[in-house]
Amino acid sequence: MRRFAALATLVIAAGTPPVFTPVQPELFAAGGTLTNAWADFDGDGSPDLFVGFNGAPNRLYRNVKGTFTDVAVQAGVADARPTRAAAWGDFDNDGDPDLLVGFTPGKGSVLRLYRNTNGHFDDVTADVGLVVDSGAVRQFAFVDVDGDGDLDLFVAMRDRSNLFFRNDGGHFTEVAQAMGLADTRKSVGAVWFDADEDGDLDLVVANQDGDANALFRNDGGHFTDMAEAAGVAWGGRAPRDPQSGTVRPCAADINGDGHLDLFFANYGPNGLFLRTGPARYADASAAWGVNIDGKYDACAFGDMNHDGKVDLYVNGTVTGGVQYRDYLFSNTGTRYEDVTPDNIKALEADHGAEWVDFDRDGALDLSLTGATPKGMHLVLRNGMAKADAARSVSVRVLDEHGHATRAGAEVRVYATGTKTLLGMGLVDGGSGYNAQNDLPVHVGLPSTARVDIEVTVPLGGRRAVTTVKRISPAALAGQSLDVRTSVR
């Protein structure tokens with residue numbers, strides 16, 4: 001597959017600093033924030049924002065046509081317990097996203113699951129079998145691993161064996177040991193995708209404190225770590241160095257070949273690994289200019305300038321009195337160039353980083369959090385011109401019942417009537433920082449000409465493909481296209 005480069009007419013060229021402007025900065029001024037997660041919890045068509053705080057009440061911002069209001073108290077999710085993780089997922093298959101929150105150890109379960117009922121959230125943790133008394137909670141991932149139509153749950157743990165809960169009709173049973181996923185390494189981040197393209201979802205887990213990363217191959221529901229053979233055990237950092245580790249793994253088609261590559265945000269040099277074959281990767285960190293040595297917490301991929309190539313945001317952490325700066329990288333096709341705007345360099349943005357089209361204009365905006373007391377949790381609007389913002393499609397991948405249970409699905413966009421690839425994205429359950437969003441897949445385009453959209457769902461040993469043809473980006477006008485998929 002090759003790019004449809006002849007159509008590219010860009011206002012924001014690679015290497016040109018983009019403009020990101022804070023919206024409602026007074027509302028988003030408070031620091032001490034770790035995780036941010038987006039979903040349209042009230043079903044009005046605009047993505048809403050949950051922000052987890054480090055001891056202050058958590059916030060839930062309702063988004064009404066681009067204007068935010070904190071409704072956490074009314075919605076029932078204003079917990080003041082220090083929060084380390086959050087995920088949106090429709091665990092009960094009723095058509096709206098529910099909210100899972102992960103706390104620091106203390107009184108009561110470190111997990112709390114809220115059922116969404118018409119925009120109000122009720123604690124159902126004990127009812128559904130998710131009480132976990134202790135542990136340093138990190139990455140959540142709601143994902144249908146067994147193909148039974150409901151969302152199972154993976155939980156990465158920093159100080160104990162990782163957990164996997166099988167969902168049976170809305171009740172969870174912990175089965176990590178039997179599946180080969182009860183890893184005792186210092187796990188922090190995770191992302192699910194079909195690494196070997198054999199029709200089921202595999203798992204990359206990022207580990208800290210000198211522990212090797214894992215790439216768990218899924219063999220009929222049992223998992224085997226093959227990270228060493230795949231070439232990603234260390235993710236670009238020094239092997240077995242207790243001062244080094246990986247915080248976040250992210251998957252995206254970086255070089256436009258239609259396959260998913262891997263990035264690792266590290267304590268140590270960051271790593272970029274291009275896919276060379278089924279679950280095989282080659283280190284391209286230096287060649288692509290991302291092997292910056294420091295301490296980094298998050299990675300997030302998105303096409304910020306609609307040139308058909310995924311750009312990259314990497315968050316630097318705050319540790320030992322040092323603020324490691326953030327990087328916004330523009331993808332030139334062969335290398336990443338640092339185009340970080342000065343106003344972003346000045347932020348203490350050291351944990352959550354998410355791309356989201358919050359105002360539904362077709363351009364990806366930025367959502368950031370900062371853990372220090374003088375930090376922030378800003379939403380920044382992408383200043384792309386209106387005509388260029390319209391050069392995109394957003395695809396919401398649903399199951400045959402219209403429910404969002406397809407984490408790990410792949411979206412490819414082609415010039416209509418051809419196999420000329422314009423862009424690709426993953427229904428992502430692990431980018432940002434310890435968060436899972438319920439957002440459509442966004443693909444930037446070279447024009448507003450009609451496109452064909454192909455959705456691949458890896459499940460049960462099949463890669464089921466659904467194709468929707470002759471979609472007009474201009475007709476969508478920033479709204480997402482719902483694509484129902486079936487694997488039967």
Side-chain angles (χ1 to χ4, degrees), residues 23-24 27-28 33-53 57-79 83 85-103 111-125 127-128 130 140-143 150-151 153 167 170 352 354-360 365 367 369 377 379 394-399 401-407 427-429 431-442 478-480 482:
V23 300
Q24 297 176 252
L27 182 67
F28 297 112
T33 56
L34 292 171
T35 190
N36 48 347
W38 291 82
D40 180 11
F41 81 86
D42 56 359
D44 68 351
S46 296
D48 310 296
L49 171 62
F50 175 84
V51 179
F53 281 74
N58 294 333
R59 299 187 186 182
L60 177 62
Y61 294 102
R62 174 176 285 133
N63 177 3
V64 179
K65 297 181 179 179
T67 299
F68 293 91
T69 305
D70 181 14
V71 297
V73 173
Q74 303 95 299
V77 294
D79 301 287
T83 298
W88 294 97
D90 183 9
F91 87 93
D92 54 1
N93 266 349
D94 67 351
D96 55 22
D98 309 296
L99 178 63
L100 179 67
V101 182
F103 302 117
L111 305 183
R112 185 167 295 167
L113 180 61
Y114 288 102
R115 188 194 306 273
N116 181 355
T117 305
N118 299 321
H120 188 272
F121 293 84
D122 298 304
D123 182 355
V124 295
T125 312
D127 297 339
V128 302
L130 279 182
F140 294 147
F142 280 113
V143 60
D150 52 26
L151 290 173
L153 174 64
N167 184 350
E354 306 285 1
W355 293 102
V356 56
D357 181 11
F358 82 90
D359 53 2
R360 308 307 296 270
D365 311 296
S367 173
T369 70
H377 54 288
V379 176
S394 291
V395 180
R396 186 159 170 76
V397 181
L398 306 173
D399 63 20
H401 305 294
H403 299 155
T405 64
R406 298 301 198 210
V427 181
D428 189 356
S431 295
Y433 182 78
N434 294 347
Q436 181 174 18
N437 297 280
D438 182 17
L439 290 172
V441 174
H442 177 276
Q479 301 302 302
S480 60
D482 289 351

Trainee: Measuring from atom CG of Asp42 to atom NE2 of His120, what distance do you get when rounded to the nearest 0.5 angstrom?
Mentor: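 Answer rounded to 0.5 Å: 14.0 Å.
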Trainee: Atom CZ of Phe358 and atom CG of Asp48: how far apart are they, to the nearest 0.5 Å?
Mentor: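 So the gap between those two atoms works out to 12.5 Å.
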Trainee: Only one of Val427, Val397, Leu151, Val143 passes side chain to side chain contact (heavy atoms under 4.5 Å, CB included) with Thr405; say which it is.
Mentor: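 Of Val427, Val397, Leu151, Val143, side chain to side chain contact (heavy atoms under 4.5 Å, CB included) with Thr405 is met by Leu151 alone.
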Trainee: Begin from the C-alpha positions of Val356 and Asn437 and carry the test side-chain contact (heavy atoms from CB on, under 4.5 Å) through to its verdict.
Mentor: CA-CA 10 Å; Val356 56; Asn437 297 280; over 6 Å; no
Trainee: So does Phe142 get a backbone contact from the side chain of Gln436, meaning a donor-acceptor N/O pair under 3.5 Å?
Mentor: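 Yes; judged by distance alone, with no hydrogens or angles, the pair exists.
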Trainee: Give me the atom names and distance for the closest heavy-atom approach of Gly119 to Ala75.
Mentor: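 Closest approach of Gly119 to Ala75: O-CB, 3.9 Å.
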Trainee: Looking at Phe53, is its backbone amide N or carbonyl O close enough to the side chain of Asn58 to form a donor-acceptor pair, meaning the two atoms are under 3.5 Å apart?
Mentor: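 Indeed, once roles are kept as given, a pair shorter than 3.5 Å links the two residues.
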Trainee: Can you give me the closest heavy-atom contact between Thr35 and Ala435, atom names plus distance?
Mentor: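 What the structure gives for the nearest pair is OG1-CB, 3.6 Å.
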Trainee: In a check of side-chain hydrogen bond (donor to acceptor under 3.5 Å, both in side chains) between Arg115 and each of Thr125, Asp94, Asp92, Asp122, which one passes?
Mentor: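 Option passing the side-chain hydrogen bond (donor to acceptor under 3.5 Å, both in side chains) with Arg115: Asp92.
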Trainee: Can you check whether Tyr61 reaches Val379 side chain to side chain, under 4.5 Å on heavy atoms?
Mentor: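 Not in contact.
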Trainee: Just jot down the salt bridge (charged side-chain N to carboxylate O under 4.0 Å, His left out) partners of Asp399, sequence neighbours excluded, or say none.
Mentor: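 Counting only residues at least two positions away or on another chain, Asp399 forms no salt bridge (charged side-chain N to carboxylate O under 4.0 Å, His left out).
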Trainee: Check whether any side-chain heavy atom of Glu354 sits under 4.5 Å from a side-chain heavy atom of Trp38, and report yes or no.
Mentor: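 The answer is yes; the side chains approach within 4.5 Å.
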Trainee: A side-chain contact here means heavy atoms from C-beta on lying under 4.5 Å apart; do Phe121 and Leu60 qualify?
Mentor: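 Side-chain contact under 4.5 Å: yes.
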Trainee: What is the distance from atom CG of Asp150 to atom CG of Asn167, rounded to the nearest 0.5 Å?
Mentor: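 The distance works out to 4.0 Å.
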Trainee: Quick one: does Ser394's side chain have a donor or acceptor within less than 3.5 Å of a partner on Pro440's backbone?
Mentor: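 No, because the side chain of Ser394 does not come within donor-acceptor range (under 3.5 Å) of the backbone of Pro440.
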Trainee: Taking all heavy atoms of Arg360 and all of Pro47, pick out the closest pair and write down the distance.
Mentor: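 Answer, listing the atom of Arg360 first, then Pro47: CD-CD, 3.9 Å.
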Trainee: Evaluate Phe91 against Leu153 for side-chain contact (heavy atoms from CB on, under 4.5 Å), listing each step before the verdict.
Mentor: CA-CA 9 Å; Phe91 87 93; Leu153 174 64; over 6 Å; no
Trainee: Are Leu111 and Phe140 close enough, and set up right, to give a side-chain contact (heavy atoms from CB on, under 4.5 Å), and what steps lead you there?
Mentor: CA-CA 10 Å; Leu111 305 183; Phe140 294 147; 3.5 Å; yes
Trainee: Given 3.5 Å as the limit, does a donor-acceptor pair link the side chain of Asn36 with the main chain of Val51, or not?
Mentor: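 No: the side chain of Asn36 does not pair with the backbone of Val51.
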Trainee: Roughly how far, to the nearest 0.5 Å, is CG of Asp438 from CZ of Arg396?
Mentor: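 Nearest 0.5 Å value for the CZ-CG distance: 4.0 Å.
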Trainee: Under a 4.5 Å cut-off applied to non-hydrogen side-chain atoms, are Leu99 and Val77 in contact?
Mentor: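 A side-chain contact exists here, since the closest heavy-atom pair is under 4.5 Å.
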Trainee: Could you pull out the closest heavy-atom pair between Arg62 and Val71, with the gap in Å?
Mentor: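 Where Arg62 meets Val71 most closely, the heavy atoms are NH1-CG1, 3.7 Å.
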Trainee: Atom OG1 of Thr83 and atom CG of Leu34: how far apart are they, to the nearest 0.5 Å?
Mentor: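 Nearest 0.5 Å value for the OG1-CG distance: 8.0 Å.
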Trainee: Can you spot which of Phe68, Tyr433, Phe28 makes a ring pair (Phe, Tyr, Trp, His ring centres under 6.0 Å) with His377?
Mentor: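 Single ring pair (Phe, Tyr, Trp, His ring centres under 6.0 Å) partner of His377 among Phe68, Tyr433, Phe28: Phe28.
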Trainee: Could you walk me through whether Phe50 and Phe41 satisfy the ring-ring contact (aromatic ring centres under 6.0 Å, His included) test, starting with their C-alpha distance in whole Å, then the side-chain angles of each, then the deciding distance to 0.1 Å, before giving a yes or no?
Mentor: CA-CA 10 Å; Phe50 175 84; Phe41 81 86; over 10 Å; no
Trainee: Identify whether the distance between the nearest side-chain nitrogen and carboxylate oxygen of Lys65 and Asp44 falls below 4.0 Å.
Mentor: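 Not counted as a salt bridge, because no side-chain N and carboxylate O are separated by less than 4.0 Å.
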Trainee: Which of these, Asp123, Asp79, Asp98, sits in a side-chain hydrogen bond (donor to acceptor under 3.5 Å, both in side chains) with Tyr114?
Mentor: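 Single pass found, and it is Asp79.
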Trainee: Taking C-beta and beyond as the side chain, do Pro97 and Asn116 meet within less than 4.5 Å on heavy atoms?
Mentor: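 When only atoms from C-beta onward are counted, Asn116 and Pro97 do touch, with a gap below 4.5 Å.
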Trainee: Roughly how far apart are Asn118 CG and Asp96 CG, rounded to 0.5 Å?
Mentor: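 Interatomic distance, Asn118 CG to Asp96 CG, rounded to 0.5 Å: 7.5 Å.
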